[in-house]
Number of protein chains: 2
Amino acid sequence: MFSKACEYGIRAAIYIGQQSASGRRVGLKDIAAEIDSPEAFTAKILQQLVRAQLLTSVKGPAGGFELTPEQLRTVTLRQLVVAIDGGAMLQGCALGLPQCSAQQPCPMHYQFLPIRDQLNELLRTHTIGELASKVQEGLGFLKQFG
Amino acid sequence: MFSKACEYGIRAAIYIGQQSASGRRVGLKDIAAEIDSPEAFTAKILQQLVRAQLLTSVKGPAGGFELTPEQLRTVTLRQLVVAIDGGAMLQGCALGLPQCSAQQPCPMHYQFLPIRDQLNELLRTHTIGELASKVQEGLGFLKQFG
DNA sequence: TACATACCGGACAATTTTATCCTTTAATTT
DNA sequence: AAATTAAAGGATAAAATTGTCCGGTATGTA
Ligand code: FES
Ligand code: FES
């Protein structure tokens, strides 16, 4: 579905969000441990997200990553996915035709469209803050135990 | 969404199905041209599908690929996808957790599940024959022009 | 039997994705 | 100012995916 980079990116953003909501700034090491991802690779992805201004970083001692209240409230899953994976999966043809369009649709087009639309809607309407709350309340997990 | 291999595989299967429905057996060259895919790579994918018995091949002059009436009627998109990409995308967690389960669900789990289920249903309920008809009737395309 | 056709199979190459390492830069503390 | 901390950035490596090439094998035809 999504690339590894995107999966790590989303999980990281949610964890950072959860901690930011409690006023804690978190470092790379902590993040990678909490979402069970390769540290250096995760760093690259977070850099991308900082550049895209979807999250904030602070250098130096007591530095790390955080989401501003504004970011927590407004940054959506969709923005993360687009920043990392690009829009291809959210707009592209299921069978890989160069253009998804009703002009020359692939034979799955009309069946596939509603599903893709729902996915878009799902990503568009969920903010990091929202998902972070879910984790905070113990209703969602960013890694698995046992 | 799907890998390139899977996209080519599905498009190829549909084209072969369309021709088989008209009693024509088709060769690799023809297939690659009609679905706009790299010939040698497509050959590899078709081999996989033949081994999985989702389509049939015949060597020698006037040989090529075809779908038996049985295959045309019973082989589903789902079988193609599983044969080429494996079941990961159809069962895996949206955020890449090693297991998708309600025991330790990721924070997207309950929103994501219905969409993934619909995708599964879509793939499970559409046969190659059905999609081939659509192409035959000019309602669907396997490559794009101009 | 000889020959031509077309898929099969293995090896190989290019590209993209995933992942690591190390130096530099910025910020804080002593 | 010096030392310490932590992210930024560049170079590189490993792995997976995508793609090519070529000799082998089966099949039909002359
Ligand atoms: S053309 Fe294939 S999904 Fe729209
Ligand atoms: S656990 Fe993530 S989708 Fe089910």
Side-chain angles (χ1 to χ4, degrees), chain A residues 1-13 15-16 19-20 24-33 35-67 81 83-86 88-89 92 96, chain B residues 1-13 15-16 19-20 24-33 35-67 81 83-86 88-89 92 95-96 98:
Chain A
M1 175 74 56
F2 305 118
S3 69
K4 283 284 172 200
C6 201
E7 292 173 353
Y8 297 150
I10 295 174
R11 299 219 302 271
Y15 175 67
I16 297 166
Q19 296 303 311
S20 291
R24 281 186 292 274
R25 186 180 289 160
V26 289
L28 176 60
K29 208 155 191 165
D30 187 12
I31 296 168
I35 70 170
D36 212 354
S37 70
E39 202 174 307
F41 189 43
T42 305
K44 293 298 182 197
I45 301 158
L46 293 180
Q47 275 179 49
Q48 263 187 275
L49 296 180
V50 169
R51 276 195 294 266
Q53 304 190 1
L54 303 181
L55 50 86
T56 307
S57 69
V58 178
K59 286 184 177 180
F65 297 88
E66 66 186 359
L67 274 89
V81 171
I84 300 172
D85 278 357
M89 117 123 358
Chain B
M1 175 73 59
F2 305 118
S3 67
K4 284 285 172 200
C6 200
E7 291 173 355
Y8 297 149
I10 296 173
R11 300 219 302 273
Y15 174 67
I16 297 166
Q19 296 304 308
S20 291
R24 281 186 293 273
R25 186 179 289 160
V26 288
L28 176 61
K29 209 156 190 163
D30 186 11
I31 296 168
I35 71 171
D36 213 353
S37 71
E39 202 174 306
F41 189 42
T42 305
K44 293 297 182 198
I45 301 158
L46 293 181
Q47 275 179 49
Q48 263 186 274
L49 297 180
V50 169
R51 275 194 294 264
Q53 305 189 2
L54 302 180
L55 50 86
T56 307
S57 70
V58 178
K59 287 183 176 181
F65 297 88
E66 66 187 0
L67 275 89
V81 171
I84 300 172
D85 277 358
M89 116 123 0
L95 299 192

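Throughout, protein chains are lettered first and strands after them, A, B, ... in sequence-line order, and every chain is numbered starting at 1. Worth knowing before you read on, the calculation uses all heavy atoms, side chains too, and leaves out hydrogens, waters and symmetry mates.
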Open item on the list: For A/L67 versus A/A13, what's the shortest heavy-atom pair and its separation?
Closed with: CD1-O, 3.8 Å

Task: For B/R11 against B/I35, the heavy-atom pair lying closest together - done: NH2-O, 2.6 Å

- [ ] May I ask you to evaluate whether B/R51 reaches the phosphate of C/dC8, defined as a side-chain N or O under 4.0 Å from OP1 or OP2?
- [x]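 For C/dC8, OP1/OP2 do not have a side-chain N/O of B/R51 under 4.0 Å.
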
Task: side-chain N/O A/S57 vs D/dA6 OP1/OP2, d < 4.0 Å - done: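 For D/dA6, neither OP1 nor OP2 has a side-chain N or O of A/S57 closer than 4.0 Å.
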
Open item on the list: What's A/R25 touching, base or sugar-phosphate or nothing? Going by heavy atoms closer than 4.0 Å.
Closed with: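 Nothing, no heavy atom under 4.0 Å.
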
TODO: Give one of base, sugar-phosphate or nothing for A/L28, where a contact means two heavy atoms less than 4.0 Å apart.
DONE: sugar-phosphate

Gap between atom [atom2] of [Y] and atom [atom1] of [X] - 0.5 Å precision:
{"X": "A/S37", "Y": "A/L28", "atom1": "OG", "atom2": "CG", "result": "8.0 Å"}
{"X": "B/I45", "Y": "B/I31", "atom1": "CD1", "atom2": "CD1", "result": "11.0 Å"}
{"X": "A/D85", "Y": "A/E7", "atom1": "CG", "atom2": "CD", "result": "9.0 Å"}

Task: Results of salt bridge (charged side-chain N to carboxylate O under 4.0 Å, His left out) for A/K29 - residues two or more places apart only - done: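 In terms of salt bridge (charged side-chain N to carboxylate O under 4.0 Å, His left out), with neighbours along the sequence ignored, A/K29 is linked to no residue.
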
Figure out the [atom1]/[atom2] separation between [X] and [N], and round it to whole Å.
{"X": "B/D30", "N": "C/dA6", "atom1": "CG", "atom2": "P", "value": "11 Å"}
{"X": "A/I84", "N": "C/dT17", "atom1": "CD1", "atom2": "C1'", "value": "13 Å"}
{"X": "B/Q47", "N": "C/dA6", "atom1": "CD", "atom2": "P", "value": "17 Å"}
{"X": "A/F2", "N": "C/dT17", "atom1": "CZ", "atom2": "P", "value": "16 Å"}
{"X": "B/E66", "N": "C/dC7", "atom1": "CD", "atom2": "C1'", "value": "13 Å"}
{"X": "B/L46", "N": "C/dC8", "atom1": "CG", "atom2": "P", "value": "8 Å"}
{"X": "A/E7", "N": "C/dT18", "atom1": "CD", "atom2": "P", "value": "9 Å"}
{"X": "B/I16", "N": "C/dC7", "atom1": "CD1", "atom2": "P", "value": "9 Å"}

TODO: Please say whether more than 12 non-hydrogen atoms of neighbouring residues, nucleotides or ligands are located less than 6.0 Å from CD in B/Q53.
DONE: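 No - once you tally the heavy atoms of other residues, nucleotides and ligands closer than 6.0 Å, there are 12 at most.
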
Task: Validation row: B/M89, B/M1 side chains within 4.5 angstrom (heavy atoms) - done: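 SC-SC contact between B/M89 and B/M1 confirmed.
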
Dump the pairs, protein N or O against N or O of nucleotides 1-3 of chain C, anything under 3.5 Å, distances to one decimal.
none

Task: Verdict with supporting geometry, A/Y8 and A/I84, side-chain contact (heavy atoms from CB on, under 4.5 Å) - done: CA-CA 10 Å; A/Y8 297 150; A/I84 300 172; over 6 Å; no

- [ ] If a protein heavy atom is under 4.0 Å from the base, mark B; if only from the sugar-phosphate, S; if neither, -; do that for nucleotides 19-30 of chain C going 5' to 3'.
- [x] BB----BBBB--

